[in-house]
Amino acid sequence: MEKRLRDYLRHLEKIDYDLMTEEEVWEEREMLQLRLQEIHQEMVRILIPMVGILICACIFLAAGFENMFVGDFACSGLMAIIFIWLLIKYKNFKDSVKQLCAYIDRLTVSK
């Protein structure tokens with residue numbers, strides 16, 4: 001997914017927006033919308049387990065404080081690490097969406 005996105009961003013950087021015809025602008029907009037839909041689907045696929053992991057971490061932390069069992073704290077810490085890893089992946093997709101939105105703005109302004 002990331003490799004395809006990098007290739008597509010390189011393609012968008014090479015385009016000369018001033019020389020594009022109206023049809024080419026329309027095609028590029030459609031491709032950008034498809035890429036954005038792909039990225040948004042990936043973001044939702046990350047967001048759902050991320051929320052579940054956060055809830056599990058909170059449950060383990062509460063159980064740890066209730067019983068003062070080290071295993072609960074360890075599981076809570078592990079869940080927190082997994083949550084942070086998923087959060088970093090989500091942030092990378094969010095940055096990609098911002099880049100693609102900048103290219104959409106360029107296409108909109110150019111014609």
*Asks:* Measuring from Leu32:CG to Glu27:CD, what's the distance to the nearest 0.5 Å?
*Replies:* 12.0 Å
*Asks:* With sequence neighbours left out, which residue pairs that include part of residues 92-102 fulfil the salt bridge (Lys or Arg N to Asp or Glu O under 4.0 Å) condition?
*Replies:* Lys91-Asp95
*Asks:* Applying side-chain contact (heavy atoms from CB on, under 4.5 Å), can you list everything that pairs with Ile48, at least two apart in sequence or on another chain?
*Replies:* Val44
*Asks:* Measure the spacing between CD1 of Ile82 and CG of Leu54 and express it to the nearest 0.5 Å.
*Replies:* 12.0 Å
*Asks:* Can you check whether Val97 reaches Leu36 side chain to side chain, under 4.5 Å on heavy atoms?
*Replies:* yes
*Asks:* Is Val70 isolated, or which residues cluster with it under the ILVMFWY side-chain rule of less than 4.5 Å, directly or via members?
*Replies:* none
*Asks:* For Ile59, which residues count as a side-chain contact (heavy atoms from CB on, under 4.5 Å) partner, sequence neighbours excluded?
*Replies:* Ile55
*Asks:* Could you report the tightest heavy-atom contact between Ser96 and Ile39, atom names first, then the distance?
*Replies:* CB-CD1, 4.2 Å
*Asks:* Under a single-linkage definition using a 4.5 Å side-chain heavy-atom cutoff for Ile, Leu, Val, Met, Phe, Trp and Tyr, are Phe83 and Leu61 assigned to the same hydrophobic cluster?
*Replies:* no
*Asks:* Tell me the closest heavy-atom pair linking Ala80 and Ala57, and the distance in Å.
*Replies:* N-CB, 4.3 Å
*Asks:* Can you list every pair that meets ring-ring contact (aromatic ring centres under 6.0 Å, His included) and has a residue in residues 42-82, with sequence neighbours left out?
*Replies:* Phe65-Phe73
*Asks:* Tell me every residue that passes side-chain contact (heavy atoms from CB on, under 4.5 Å) with Ile81, counting only those two or more places apart in sequence or in another chain.
*Replies:* none
*Asks:* To the closest 0.5 Å, what do you measure between CD1 (Ile53) and CD1 (Ile84)?
*Replies:* 12.0 Å
*Asks:* Which heavy-atom pair separates Ile46 from Tyr90 by the least distance, and what is that distance?
*Replies:* CG2-CB, 4.1 Å
*Asks:* How long is the straight-line distance from CZ of Arg35 back to CG of Leu100, given to the nearest 0.5 Å?
*Replies:* 9.0 Å
*Asks:* Can you pull the side chain to side chain donor-acceptor pair (under 3.5 Å) pairs that have at least one residue in residues 45-70, sequence neighbours excluded?
*Replies:* Glu42-Arg45
*Asks:* If you take all heavy atoms of Leu86 and Pro49, which pair is closest and at what distance?
*Replies:* CD1-C, 4.2 Å
